[in-house]
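For the numbers below, each heavy atom of this structure counts, side chains included, while hydrogens, waters and symmetry mates do not. In what follows, chains carry the letters A, B, and so on, assigned in the order in which the sequence lines appear, proteins first and then strands, with residues in each chain numbered from 1.
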Amino acid sequence: RKEVEQDPGPFNVPEGATVAFNCTYSNSASQSFFWYRQDCRKEPKLLMSVYSSGNEDGRFTAQLNRASQYISLLIRDSKLSDSATYLCVVGLGFARQLTFGSGTQLTVLP
Amino acid sequence: SQTIHQWPATLVQPVGSPLSLECTVEGTSNPNLYWYRQAAGRGLQLLFYSVGIGQISSEVPQNLSASRPQDRQFILSSKKLLLSDSGFYLCAWSTPYSGSYNEQFFGPGTRLTVL
């Protein structure tokens, strides 16, 4: 079983749509949770940290369910510029080493 | 503000040749530093991390090594490259541990092709 599992997609959605990504992690001792986005052939960039109470940043909402070991990301009113691969990431350990999911590819269509 | 540099951006090397990739961070002190590799079509894999000068932890046994000769410098090396070493190498930094969340920030990466 992979440590962090995501639906690989691809997700193809029209502009303005709402899209949801889900992720599960296997290690119940995991301590920190993130969503990163990665554009083609570029480095990953932090989109948002995910807290137990859930958090929102503009059109993006992230939820964490520690009991189910489940993380989600909701993107509302999708823009063309949202097209990217979204990486679910879990941190654990003294140096908060990160384990990445293999990513979910999103294409927002005009 | 903090910035992270990696070089070279692209590298093509023959099998059996040595490797040295460098990463430097500006605008912060005593960062945690990390090396990741992303093979074509695959996810990121943590290779090494360091919490201080001369302190290196290895996550995956392989023919690569890492060193941290200065506080904000992290080097990835190999004595003899293998074909399987091809990939996108990314350096990242985070602030020293201060709680549960230590977001990591990535450099622009080095794309290595071993022929």
Side-chain angles (χ1 to χ4, degrees), chain A residues 1-10 23-55 57 62 64 66 71 84-105, chain B residues 2-7 9-10 21 23 25 30-52 55-60 66 68 74 87-113:
Chain A
R1 182 184 174 188
K2 290 183 181 178
E3 292 185 59
V4 179
E5 293 206 56
Q6 296 181 248
D7 181 342
C23 167
T24 57
Y25 60 95
S26 61
N27 192 331
S28 60
S30 298
Q31 297 156 306
S32 53
F33 309 89
F34 309 94
W35 285 99
Y36 280 74
R37 71 169 276 168
Q38 186 173 25
D39 294 294
C40 188
R41 299 180 68 82
K42 296 288 189 179
E43 75 274 22
K45 293 188 176 177
L46 179 66
L47 180 65
M48 57 196 305
S49 304
V50 188
Y51 304 110
S52 296
S53 55
N55 46 299
D57 182 3
L64 169 64
R66 286 185 181 263
I71 309 164
T85 296
Y86 289 82
L87 304 169
C88 178
V89 184
V90 173
L92 176 66
F94 174 72
R96 296 299 180 266
Q97 300 91 293
L98 298 183
T99 299
F100 284 75
S102 48
T104 299
Q105 186 179 345
Chain B
Q2 300 87 3
T3 54
I4 179 168
H5 304 278
Q6 282 188 250
W7 63 91
T10 306
L21 302 181
C23 169
V25 181
N30 195 30
N32 290 344
L33 296 172
Y34 310 82
W35 278 112
Y36 292 85
R37 177 172 62 201
Q38 188 173 35
R42 304 187 68 177
L44 276 81
Q45 181 185 39
L46 178 63
L47 302 176
F48 301 94
Y49 65 92
S50 171
V51 299
Q55 300 179 62
I56 308 294
S57 297
S58 173
E59 288 288 295
V60 182
R68 185 171 177 173
F74 205 21
F88 190 32
Y89 287 82
L90 292 150
C91 181
W93 73 273
S94 72
T95 55
Y97 172 67
S98 60
S100 295
Y101 279 74
N102 288 76
E103 291 86 353
Q104 291 184 22
F105 301 94
F106 286 82
T110 294
R111 201 162 294 278
L112 171 67
T113 303

Enquirer: Between CZ of A:Phe100 and CZ of B:Arg42, what distance do you get to the nearest 0.5 Å?
Expert: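 Reported to 0.5 Å precision, the distance equals 15.5 Å.
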Enquirer: Which bit of B:Leu90 comes within less than 4.5 Å of chain A, counting heavy atoms only: side chain, backbone, both or neither?
Expert: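 B:Leu90 touches chain A through side-chain heavy atoms alone.
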Enquirer: Using side chain to side chain contact (heavy atoms under 4.5 Å, CB included), reason through B:Tyr34 and A:Leu98 one step at a time and then give a plain yes or no.
Expert: CA-CA 10 Å; B:Tyr34 310 82; A:Leu98 298 183; over 6 Å; no
Enquirer: Considering only heavy atoms and a distance below 4.5 Å, find which of B:Pro108, B:Ala92, B:Ser57 pairs most often with chain A.
Expert: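 Winner by heavy-atom pair count: B:Pro108.
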Enquirer: With respect to chain B, which residue among A:Lys45, A:Arg41, A:Gln38 yields the maximal number of heavy-atom pairs within a distance under 4.5 Å?
Expert: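 The option with the most such pairs is A:Arg41.
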Enquirer: Side chain, backbone, both or neither: which part of B:Phe88 has an atom under 4.5 Å from a heavy atom of chain A?
Expert: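 Contact with chain A involves the side chain of B:Phe88 alone.
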Enquirer: Take A:Phe34 and B:Gln104, measure what side chain to side chain contact (heavy atoms under 4.5 Å, CB included) needs, and give me the verdict at the end.
Expert: CA-CA 10 Å; A:Phe34 309 94; B:Gln104 291 184 22; over 6 Å; no
Enquirer: If we count only N and O atoms by modelled type, under 3.5 Å, do the side chains of A:Glu43 and B:Gln6 hold a donor and an acceptor together?
Expert: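 There is no such pair (donor and acceptor under 3.5 Å, judged by atom type) between the side chains of A:Glu43 and B:Gln6.
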Enquirer: Relative to chain B, which segment of A:Tyr51 carries a heavy atom at a distance below 4.5 Å: side chain, backbone, both, or neither?
Expert: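 Both the backbone and the side chain of A:Tyr51 come within 4.5 Å of chain B.
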Enquirer: Taking all non-hydrogen atoms of both residues, which atom of B:Arg111 and which atom of A:Lys42 are closest, and how far apart?
Expert: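 Closest approach of B:Arg111 to A:Lys42: NH2-N, 4.4 Å.
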Enquirer: Among B:Phe106, B:Tyr36, B:Phe105, single out the residue with the greatest number of heavy-atom pairs under 4.5 Å to chain A.
Expert: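 Counting heavy-atom pairs under 4.5 Å, the top option is B:Phe106.
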Enquirer: Calculate, to the nearest 0.5 Å, the distance between atoms CD and OG1 belonging to B:Gln45 and A:Thr99 respectively.
Expert: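 So the CD of B:Gln45 and the OG1 of A:Thr99 are separated by 10.0 Å.
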